[in-house]
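Scroll down for the structure; my scribbles are underneath it.
All of these numbers come straight from a predicted model, not from anything done at the bench. Lettering follows sequence order; numbering is per chain, from 1.
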2 protein chains.
Amino acid sequence: MKVDREWSDGLPIYRQLRDRVVAMMLDGILKEGDPLPSVRNVAAEYRVNPLTVMKAYESLVDEGLVEARRGLGMFINAGARARLLEGEKQRFLEEEWPKIRETIERLGLTPDDLLRARRGKKP
Amino acid sequence: MKVDREWSDGLPIYRQLRDRVVAMMLDGILKEGDPLPSVRNVAAEYRVNPLTVMKAYESLVDEGLVEARRGLGMFINAGARARLLEGEKQRFLEEEWPKIRETIERLGLTPDDLLRARRGKKP
DNA sequence: TGTAGTGTTATATACGACTATAACACCACG
DNA sequence: CGTGGTGTTATAGTCGTATATAACACTACA
């Protein structure tokens with residue numbers, strides 16, 4: 001499986017890794033009680049330093065979303081999804097969305113532009 | 001005028017400076033033919049290193065949006081706004097918006113949530 | 001001519017993110 | 001018990017961002 005050409009943005013890798021795990025939790029790919037992919041595995045898969053993965057996982061521990069059991073792995077806490085959903089919702093609406101809305105207005109983009117933006121390119 | 005506490009995000013300052021100038025161009029605050037605020041002034045105003053401002057302005061020169069006249073200043077090129085608008089539109093729709101849309105769906109946010117997000121907080 | 005404004009370049013320093021390499025600590029299981 | 005999986009920590013080096021300080025090059029204008 002090819003997993004190259006990630007990390008294209010200007011965001012730190014550990015931040016992107018954290019976000020990716022969060023996305024998997026929200027999408028139900030990782031359920032509560034499940035173990036996270038091991039630090040070493042992720043590091044190898046994505047050709048990234050183990051410490052970088054650790055840093056990403058640490059932030060999840062700090063948020064109280066996962067728990068580390070030495071010698072076993074990192075496991076998703078009960079209630080993680082609900083808490084995460086609420087927190088991310090609020091953060092998105094209060095911090096990201098206002099900027100996005102401003103950009104949209106500045107560029108003069110119509111709802112129509114935004115809706116037809118996924119599939120076919122500009123006709 | 002207080003201008004403290006900027007640069008709160010995780011984006012490099014020179015990137016944020018560049019984006020701020022671009023926003024002013026799109027909003028019509030800076031018109032074509034106008035000079036950009038001088039490197040030294042911006043550096044002093046925002047309490048930032050002149051080289052950091054230079055780096056931001058350099059990227060605008062590289063994009064062909066402004067032109068540097070030694071001893072005079074940096075001036076906005078003719079046609080800059082139109083070209084900028086088109087470029088930013090495309091970049092936003094192709095690179096940013098898909099991710100944003102994904103996040104919105106993942107969080108289960110409704111159009112209603114997004115519309116009422118500016119003024120009054122959650123009722 | 002000189003002065004004050006502009007962009008431009010040079011040197012050195014600091015810090016954070018990321019990497020490479022290695023070792024340590026713990027647990028399940030045969 | 002050992003082996004192989006897990007998380008964890010340590011040391012050291014690279015690179016990009018940003019800093020401080022200083023000097024250089026050019027232009028308008030009095």
Revision key, fill the gap. Here the residues of residues 67-76 of chain A within 4.0 Å heavy-atom distance, strictly under, of DNA chain C are A:R70, A:G71, A:L72

Revision key, fill the gap. With sequence neighbours left out, the residues meeting side-chain contact (heavy atoms from CB on, under 4.5 Å) with B:P98 are none

**Study point:** Nucleotides bounding contact with chain A, strand DNA chain D, heavy-atom threshold 4.0 Å
**Key:** D:dG5 to D:dA10

Practice item. Please identify each residue that fulfils side-chain contact (heavy atoms from CB on, under 4.5 Å) with A:E96, with sequence neighbours left out. Key: A:R91, A:F92, A:I100

Exercise for review: Not counting sequence neighbours, which residues clear side chain to side chain donor-acceptor pair (under 3.5 Å) with A:N41? List them please.
Suggested key: none

Review point. Going by side-chain heavy atoms closer than 4.5 Å, which hydrophobic residues are tied to A:F75, directly or by a chain of links?
Key: A:L72

Check your understanding: Pairs in or reaching into residues 13-26 of chain B: which pass salt bridge (charged side-chain N to carboxylate O under 4.0 Å, His left out), with residues at least two apart or in two chains?
Key -> B:E6-B:R20, B:R15-B:D19, B:R18-B:E63, B:R18-B:E88

What pairs of nitrogen or oxygen atoms, one from the protein and one from nucleotides 13-21 of chain C, lie under 3.5 Å apart?
| residue | atom | partner | partner atom | Å |
| --- | --- | --- | --- | --- |
| C:dA17 | OP2 | A:K55 | NZ | 3.3 |
| C:dC18 | OP1 | A:I13 | N | 2.3 |
| C:dT19 | OP2 | A:N49 | N | 3.3 |
| C:dT19 | OP2 | A:T52 | OG1 | 2.7 |
| C:dA20 | N7 | A:N49 | ND2 | 2.9 |

Check your understanding: Can you name the side-chain contact (heavy atoms from CB on, under 4.5 Å) partners of B:E58, sequence neighbours left out?
Key -> B:M54

Check: residues 22-31 of chain A side-chain donor-acceptor pairs under 3.5 Å, at least two apart:
| residue | atom | partner | partner atom | Å |
| --- | --- | --- | --- | --- |
| A:D27 | OD1 | B:R106 | NE | 3.1 |
| A:D27 | OD2 | B:R106 | NE | 3.3 |
| A:D27 | OD2 | B:R106 | NH2 | 3.1 |
| A:K31 | NZ | A:G28 | O | 2.9 |

Check your understanding: Do side-chain atoms of B:W97 reach the backbone of A:L114 as a donor and acceptor pair under 3.5 angstrom?
Key -> yes

Point to revise | Set of side chain to side chain donor-acceptor pair (under 3.5 Å) partners for B:D62, sequence neighbours left out | key: none

Review point. Apart from A:Y14 itself, what residues make up its hydrophobic cluster when side-chain heavy atoms of I, L, V, M, F, W and Y under 4.5 Å apart count as a link, directly or indirectly?
Key: none

